Amino acid sequence: MADNRIELLDSDITTLTVEAIVNAANNSLLGGGGVDGAIHRAAGSELLTECRSLRGCATGQAKITGGYQLLAKHVIHTVGPIWKGGRDNEAEFLASCYKRCFELAVENKIKTMAFPAISTGIYGFPKQEAAAIAIREARAALTANPELEKIIMVCFNHETRQAYETALKYNVR
Ligand code: AR6
């Protein structure tokens with residue numbers, strides 16, 4: 001069962017000991033507020049130097065870097081959609097973020113990874129719908145890739161934890 005490899009954790013993603021943490025970045029990949037700012041602060045300036053060489057990232061795509069001063073060896077930067085009311089393919093773009101992150105993880109032999117709730121902060125994506133997409137894509141990736149050992153969904157606030165708990169309860173495959 002895929003769900004026993006999904007963990008909900010109330011934490012700051014920058015403190016976690018996993019092989020990769022995911023960053024909810026913007027198209028420039030040059031840092032910002034929210035979890036992006038926290039990751040760049042914790043990783044140190046070498047992360048920004050590597051990010052500059054990547055020349056940005058399209059919405060729904062992902063790129064991988066080193067983790068530098070983080071405990072995580074890698075950062076997978078993905079760019080979620082800005083919520084515009086749901087009529088701009090936001091759900092598809094968010095699903096694509098998760099899919100691309102899992103593809104990069106598998107390509108790089110990453111077995112343990114942690115995600116923030118992509119797009120649900122500054123970008124305004126509704127938390128419940130985002131959690132359902134995240135859990136659906138995590139289950140699909142875990143089922144397709146038995147070598148993936150653990151996916152942590154980081155809950156930075158109570159609403160995010162509740163949204164994941166609901167998604168895990170009702171979205172049973
Ligand atoms: N650890 C884990 N989760 C966190 C942390 C943290 N340290 N800090 C915030 N969150 P957001 P977005 C949660 O706004 O909506 C940046 O400026 C937060 O509570 O970080 O994808 C980028 O450069 C929420 O649940 O990302 C972009 O411009 C989740 O992380 C823009 O924000 C995502 O919130 C991206 O917006």
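In this text the structure is predicted, and so the values were computed from the model without any measurement. Heavy-atom basis, side chains included; hydrogens, waters and symmetry copies ignored. As the structure lists them, so they are numbered: ligands from 1, and atoms in each ligand from 1.
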Any idea which protein heavy atom is nearest atom 14 (O) of ligand 1, and the distance to it? Ile122 N, 2.8 Å
Mind running side chain to side chain donor-acceptor pair (under 3.5 Å) on Asn157 and Thr160 for me, showing each step along the way? CA-CA 6 Å; Asn157 49 58; Thr160 298; 2.6 Å; yes
For atom 24 (C) of ligand 1, the protein heavy atom that lies nearest, with its residue and separation: Thr120 OG1, 3.6 Å
In the protein, which heavy atom is nearest to atom 19 (O) of ligand 1, and how far is it? Asn157 ND2, 3.4 Å
Can you tell which of Trp83, Phe156, Phe125 gets a heavy atom nearest to atom 18 (C) of ligand 1? Phe156
For atom 20 (O) of ligand 1, which protein heavy atom lies nearest, and how many Å away is it? Val35 N, 2.8 Å
Nearest neighbour in protein (non-hydrogen) for atom 15 (O) of ligand 1: Gly121 N, 2.8 Å
How far is atom 28 (O) of ligand 1 from its nearest protein heavy atom, and which residue and atom is that? Tyr123 OH, 3.3 Å
Protein heavy atom at shortest distance from atom 17 (O) of ligand 1: Gly33 N, 2.7 Å
To the closest 0.5 Å, what do you measure between CE (Met153) and OG (Ser11)? 15.0 Å
Would you check if the side chain of Asn26 reaches a backbone N or O of Ser28 as a donor-acceptor pair within less than 3.5 Å? yes
Does the side chain of Ile110 come within less than 4.5 Å of His74's, by heavy atoms? yes
Out of all atoms in ligand 1, which are within 4.0 Å of some heavy atom of Asp36? Include the element for each. 22 (C), 23 (O)
Need the ligand 1 atom indices (1-based, order shown) with element for anything under 4.0 Å from a heavy-atom of Val154. 2 (C)
Using side chain to side chain contact (heavy atoms under 4.5 Å, CB included), reason through Thr120 and Tyr123 one step at a time and then give a plain yes or no. CA-CA 6 Å; Thr120 67; Tyr123 281 179; over 6 Å; no
Start with the C-alpha gap between Asn27 and Thr59, add the side-chain angles, then the distance that decides, and say whether side chain to side chain donor-acceptor pair (under 3.5 Å) holds. CA-CA 7 Å; Asn27 295 120; Thr59 303; 3.2 Å; yes
Would you say Gly80 touches ligand 1, if touching means a heavy atom closer than 4.0 Å? no
To which of Ala24, Pro81, Ala131 does the heavy atom nearest atom 26 (O) of ligand 1 belong? Ala24
For the residue pair His77 and Thr65, confirm or rule out a side-chain donor-acceptor distance under 3.5 Å. yes
Looking only at protein heavy atoms, which one is nearest to atom 1 (N) of ligand 1, and how far off is it? Ile13 N, 3.0 Å
With Ile135 as reference, evaluate Thr166, Leu168, Ile151 under the side chain to side chain contact (heavy atoms under 4.5 Å, CB included) test and give the passing residue. Leu168
For residues Phe115 and Phe102, establish whether the separation of their ring centroids is below 6.0 Å. yes
